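Since the structure comes first, as structure tokens, the remarks are kept for the end.
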Amino acid sequence: MDAFERFVRAGLELNGLAVDDVDIAVIRAADAVYGPGMRALAAADLRDVQPEVDLDPARAPRTP
């Protein structure tokens with residue numbers, strides 16, 4: 001059991017969810033697909049990015 005699996009098991013079991021090997025395999029697959037992008041976004045410096053005023057998700061983003 002590696003650190004990733006210990007972290008996942010501890011977090012889910014702390015919330016009362018039983019975890020089996022299939023659950024760990026699915027979580028590993030999801031992390032392989034989405035993890036690098038999520039970690040890059042978390043590490044990005046977004047202080048200079050201005051929020052879009054009057055956000056309307058039905059429209060394409062406006063350029064400033």
Side-chain angles (χ1 to χ4, degrees):
M1 183 181 312
D2 62 354
F4 177 82
E5 186 172 346
R6 282 194 306 275
F7 176 76
V8 170
R9 285 185 185 276
L12 292 175
E13 289 173 356
L14 184 63
N15 287 305
L17 300 171
V19 182
D20 62 11
D21 291 337
V22 174
D23 296 326
I24 297 297
V26 170
I27 293 169
R28 281 188 191 279
D31 183 64
V33 173
Y34 298 109
M38 290 175 22
R39 286 185 282 280
L41 182 60
D45 181 11
L46 302 176
R47 286 179 287 186
D48 295 330
V49 177
Q50 296 297 318
E52 185 174 349
V53 180
D54 194 27
L55 177 65
D56 182 0
R59 291 185 311 180
R62 295 185 303 247
T63 56

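As a basis for the values below, the full set of heavy atoms in this structure was taken, side chains included, without hydrogen atoms, waters or symmetry mates. The structure presented is a predicted model; accordingly, all values stated were derived computationally and were not measured.
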Original post:
Is there a salt bridge (charged side-chain N to carboxylate O under 4.0 Å, His left out) between Asp21 and Arg28 once you walk through the steps?
Top reply: CA-CA 10 Å; Asp21 291 337; Arg28 281 188 191 279; over 6 Å; no
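If you chain together hydrophobic residues whose side chains sit under 4.5 Å apart, Leu17 and Val8 fall into the same group. Cluster membership for Leu41 and Tyr34, using ILVMFWY side-chain heavy atoms within less than 4.5 angstrom, is not shared. Residues Ile27 and Met38 are members of separate hydrophobic clusters, defined by side-chain heavy-atom contacts under 4.5 angstrom among Ile, Leu, Val, Met, Phe, Trp and Tyr.
Residues Arg47 and Asp45 come closest through the heavy atom pair NE-OD1, 2.8 Å. Nearest heavy atom pair, residue Asp23 against residue Ala18, reads OD2-O, 3.7 Å.
Checked by atom type and distance alone, the side chain of Asp20 pairs as donor or acceptor with a backbone atom of Val22 at under 3.5 Å.
Here the CD1 atom belonging to Ile24 is positioned 9.0 Å from the CG atom belonging to Asp2, to the nearest 0.5 angstrom.
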